[in-house]
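Quick note on labels: first sequence line is chain A, next is B, and so on, each numbered from 1. Note that this is a predicted model, so its numbers are computed, not measured.
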Amino acid sequence: MSLRAELEKSVTAWAATHFPGLPAEPWVRPCADERHGHFQTHFAMVAAKAQRLNPRDLAERLAKECPPPEGWEKPTVAGGGFVNYRVGPEAVGRAVDALRQDPNLGIPRVPKPESVVVDFSSPNIAKAMHVGHIRSTLLGDSLARLLTRLGHRVNRVNHLGDWGTQFGKLLLAYRAAGRPPLQPDQAIDQLEEFYKKGHQEAESDPAKMDQARAELAALQDGNPERRKDWRLFCESSAEHFRKIYERLGVRFDSIRGESAYHEDLPKVVQDLLQKQIAEVSQGAVVVRNRTIAEEPYLIRKSDGAFLYATTDLAAIQYRTEELKADRIIYVTDARQQLHFRWLFDTARRAGCRAELEHVWFGTVLGPDRKPLKSRDGTPLKLIDLLNEAKERAGVILKSKRPDLPPEGLEAKAELLGMASLKYADQLPNRNLDYVFTWEKLLAFDGNTAPYILNAYVRTRSILRKSGLAKHPCAPVRVAHPSEERLARLLLRFGDAVELAAADRKPHHLCGYLYDLAGQYHRFFEACPVLQLPALRDSRLTLVGLTGDVLKEGLGLLGIPTLEEM
RNA sequence: GCGCUGUUAGCUCAAUUGGAUAGAGCAUCUGACUUCGGAUCAGAAGGUUAGAGGUUCGAGUCCUCUACGGCGCACCA
């Protein structure tokens, strides 16, 4: 249990006894300013307001009747009714001793594990993944890792766009070209060319548009030749996706595209009509809810075709009934908020009992504050982004480590490039658009992956220097202020992980890891580790624990570590 | 028009969900190296949190209005 949680227990018990009416919030928080203390509670001010009492008097009572755990200083009252607590160095040492023996590093387990589907990434078949997919892919992956770590049963689902109307135009051009074989390493580019060609033709020539529609209808009716072509498109795309996911270290439990729900769609619409949730309007089938919008939600077009809303409804049914999901989390960009409001509302009215959540994020912008594009104005391809990250990391590596043999350089550049990209993408609050620059991404200092990795590497190098095979696990004695700060920060890891998961915002964890890396660097400046025999094992233990927490924290963000920079 | 969302230091972003004197990095300036790895550390400077009201013991955070931006609103996904 963290220091905070220990104190929290005591304060909450006191609050529940004397003020049973008040909500059981977390009342204990770390002080923003250490001069006030290590932890504070503002409970007295809240309770005083509710009961019309004097907040200072109540704070005095709380401080007196609610003593901190063993080894803490006597609490003090300050301001308008804050009670401040300070932990003694021995108590810090004891807490760190408990932490180093905890395989979970202070990360709590949820009392009631849920079966959670995380739906993320979801690229379209026959198109290269682009920069618009990166936030969903990384954020979804991190959320899945966080929820798994807290004890939930997580199902990572890639809901591929493999059944849209774009296939009519693509088939049209592909077949007109004589159904040529696709080159393994250029398949995606070839498919994009065919689509572009088919699209242009269909837009300019109504007869071609009719043909494209006919191609789509043939595919959806199960025409064997079209099916075969479509499967080829899917397989070529899958290979493209696989390479990118491998480099990003992202995996899925289930890759199940829209096509998998094709057969279920008529029944979904029929059910909604039968339950009188949906109605026929102007030949289409729609769902209405004036509290959401005046315009209705379309689930079947007037020509009988289904939409992605219908597919999503079918997917909810599958996930709740077949996968037994208690909760489904969708990770998509902000523009789909209205769609998900409609989707969730409709599913609930139709009897869905699972919790449905839309975790949305903003756009990646270029330096001009417009959505990030490549030089020719098309969306920036993800593969180009990854390659450039690696290349730039390689240039920096060579300049920083000219002594490094060329063999190891490439793998190191790849790791640093991916780590930097992943960290930079997850650092800003997901609800905001963010401005992407290479300078920020691969900077050596500031809140970046290299800075944190550097701290980790130094925990490893000091170990190598010590001649030991692994970090010792000795009782920790905090002797220096920067050492004590490091220890207390380590004890907050569990809180940071919990907050990031509960908020569905991994950037909270980035902030914590940056603080920890910085505090480790300060400790490192101030505290000789190997030179002082009396403190050597204690400090090596602290160093080892710092490394473990940095590694575990980065791991929850999907970022691997390395032993040497 | 309706709805969602945003505006914090010159720039890019934080702020533990209503708590104490709003913090970092970059850029600028000043220091610390024959280093337990300097991809580091110490320090200076930089703010009417877009503006105006309101609620509160307390507001960057909640409410109302205004200005400016991004996005979405029936047959794409």
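Atom name P, nucleotides rC63(B) and rG3(B): the rounded distance is 15 Å, in whole Å. Spacing between rA42(B) and rC33(B) at atom P, rounded to whole Å, works out to 16 Å. Separating the P atom of rU56(B) from that of rA67(B) is a span of 28 Å, rounded to the nearest Å. Going from the P atom of rU8(B) to that of rG58(B) covers 27 Å, rounded to whole Å. Across the C1' atoms, rA39(B) and rA44(B) are found 24 Å apart, a figure rounded to whole Å. rG47(B) and rG51(B) have their C1' atoms separated by 16 Å, given to the nearest Å. Across rA27(B) and rG10(B), the matching C1' atoms stand 8 Å from one another, rounded to whole Å. Atom name P, nucleotides rG72(B) and rC26(B): the rounded distance is 36 Å, in whole Å.
Separation of the Phe120(A) and His159(A) ring centroids does not fall under the 6.0 Å cut-off.
Arg290(A) has its CZ atom 17 Å from the P atom of rC2(B), to the nearest Å. The CD1-C1' distance, from Ile396(A) to rA39(B), rounds to 10 Å in whole Å. The CZ atom of Arg401(A) sits 10 Å away from the P atom of rA39(B) (whole-angstrom rounding). The interatomic distance linking Tyr451(A) (OH) with rC26(B) (C1') rounds to 14 Å, in whole Å. One interatomic measurement links the two molecules: CZ of Arg29(A) to P of rU16(B), which rounds to 8 Å at whole-angstrom precision. Put simply, CG on Leu441(A) is 19 Å from P on rG25(B), counting in whole angstrom units. Put simply, CG on Leu365(A) is 18 Å from P on rU5(B), counting in whole angstrom units. Taking atom CG of Asp403(A) as the reference point, atom P of rG37(B) lies 14 Å away to the nearest angstrom.
Counting only heavy atoms from C-beta outward, the side chains of Asn431(A) and Lys505(A) approach each other to under 4.5 Å. Between Leu557(A) and Tyr423(A) the shortest side-chain heavy-atom distance falls below 4.5 Å. Inter-residue side-chain proximity for Leu307(A) and Ile299(A) is flagged as unmet; no heavy-atom pair is nearer than 4.5 Å. Between His339(A) and Asp312(A) there is a side-chain heavy-atom pair separated by less than 4.5 Å. Within the 4.5 Å cutoff, the side chain of Phe361(A) has heavy atoms near those of the Val331(A) side chain.
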Please lay out, stage by stage, how His521(A) and Tyr451(A) fare under the test ring pair (Phe, Tyr, Trp, His ring centres under 6.0 Å).
-> CA-CA 10 Å; His521(A) 281 131; Tyr451(A) 178 84; 4.9 Å; yes
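Not counting sequence neighbours, the partners of Leu365(A) by the side chain to side chain contact (heavy atoms under 4.5 Å, CB included) test are Thr363(A), Arg369(A), Pro371(A), Asp433(A), Val435(A). Listed by chain and number, the residues in a salt bridge (Lys or Arg N to Asp or Glu O under 4.0 Å) with Glu258(A) amount to none (sequence neighbours excluded). Looking at residues two or more places apart in sequence or on another chain, you find a salt bridge (Lys or Arg N to Asp or Glu O under 4.0 Å) between Arg460(A) and Glu563(A). Residues forming a ring pair (Phe, Tyr, Trp, His ring centres under 6.0 Å) with Tyr512(A) (at least two apart in sequence, or on another chain): Phe493(A).
Between Ala517(A) and Arg492(A), the residue anchored nearer the 5' end of RNA chain B, judged by the nucleotide with its closest heavy atom, is Arg492(A).
If you check every strand for non-hydrogen atoms under 4.0 Å, Pro26(A) touches nothing. As judged by a 4.0 angstrom heavy-atom cut-off over every strand, Glu294(A) is placed among residues making no nucleic acid contact. Nucleic acid contact for Gln40(A): base, since at least one base atom lies under 4.0 Å from a heavy atom of the residue. As judged by a 4.0 angstrom heavy-atom cut-off over every strand, Cys527(A) is placed among the base-contacting residues. Using a 4.0 Å heavy-atom cutoff across all strands shown, Leu397(A) reaches at least one base atom of the nucleic acid.
Taking every heavy atom of both residues into account, Ser482(A) and Phe523(A) meet most closely at OG-CA, 3.6 Å.
Applying the side-chain hydrogen bond (donor to acceptor under 3.5 Å, both in side chains) test to residues at least two apart or on different chains, the pairs with a partner in residues 489-502 of chain A are Arg4(A)-Asp495(A).
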Quick one: side chains of residues 122-131 of chain A, donor-acceptor pairs under 3.5 Å with protein atoms, not counting sequence neighbours, listed by atom name and distance.
residue   : atom : partner   : partner atom : Å
Ser122(A) : OG   : Asp119(A) : OD1          : 3.4
His130(A) : ND1  : Gly132(A) : N            : 3.0

Just list the side-chain donor-acceptor pairs under 3.5 Å for residues 34-44 of chain A, sequence neighbours left out, or say none.
residue  : atom : partner   : partner atom : Å
Glu34(A) : OE1  : Arg485(A) : NE           : 3.3
Glu34(A) : OE2  : Arg488(A) : NH2          : 3.4
Arg35(A) : NE   : Asp33(A)  : OD1          : 3.2
Arg35(A) : NE   : Asp33(A)  : OD2          : 3.3
Arg35(A) : NH2  : Asp33(A)  : OD2          : 2.7
His38(A) : ND1  : Val87(A)  : N            : 2.9
His38(A) : NE2  : Arg488(A) : NH2          : 3.4
Thr41(A) : OG1  : Trp27(A)  : O            : 2.9
Thr41(A) : OG1  : Phe43(A)  : N            : 3.1

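Considering only the side chain of Gln531(A), rC36(B) comes nearest among rC57(B), rC36(B), rU5(B). Closest approach to the Gln337(A) side chain among rC36(B), rC4(B), rA39(B) is made by rC4(B) (side chain taken as heavy atoms from C-beta onward).
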Which protein N or O atoms sit under 3.5 Å from an N or O of nucleotides 21-24 of chain B?
residue : atom : partner   : partner atom : Å
rA24(B) : O2'  : Tyr514(A) : OH           : 2.9

Listing time: all N or O pairs from protein to nucleotides 11-15 of chain B that are below 3.5 Å?
residue : atom : partner   : partner atom : Å
rU12(B) : O2'  : Lys440(A) : NZ           : 2.4
rC13(B) : OP1  : Val435(A) : N            : 2.6
rA14(B) : OP1  : Asn429(A) : N            : 2.4
rA15(B) : OP1  : His507(A) : NE2          : 3.0

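Classified by interplanar angle (parallel below 30°, tilted 30° to 60°, perpendicular above 60°), the ring pair Trp438(A)/Phe436(A) is perpendicular. Taking the six-membered ring for Trp and thresholds of 30 and 60 degrees, Trp163(A) and Trp230(A) have ring planes more than 60 degrees apart, a perpendicular arrangement.
Within residues 76-84 of chain A, the residues that place at least one heavy atom under 4.0 Å from RNA chain B are, in residue-number order, Ala78(A), Phe82(A), Asn84(A).
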Base-contact (B) and sugar-phosphate-only (S) positions in nucleotides 72-77 of chain B, heavy-atom cut-off under 4.0 Å, - elsewhere = SSBBSB
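Just one of Glu203(A), Glu192(A), Glu201(A) meets the salt bridge (Lys or Arg N to Asp or Glu O under 4.0 Å) condition when paired with Lys169(A); it is Glu203(A).
Among the duplex regions that RNA chain B forms, those built from at least three successive Watson-Crick or G-U pairs under 3.5 Å are B:1-7 with B:67-73, B:10-13 with B:23-26, B:28-32 with B:40-44, B:50-54 with B:62-66, ordered by first number.
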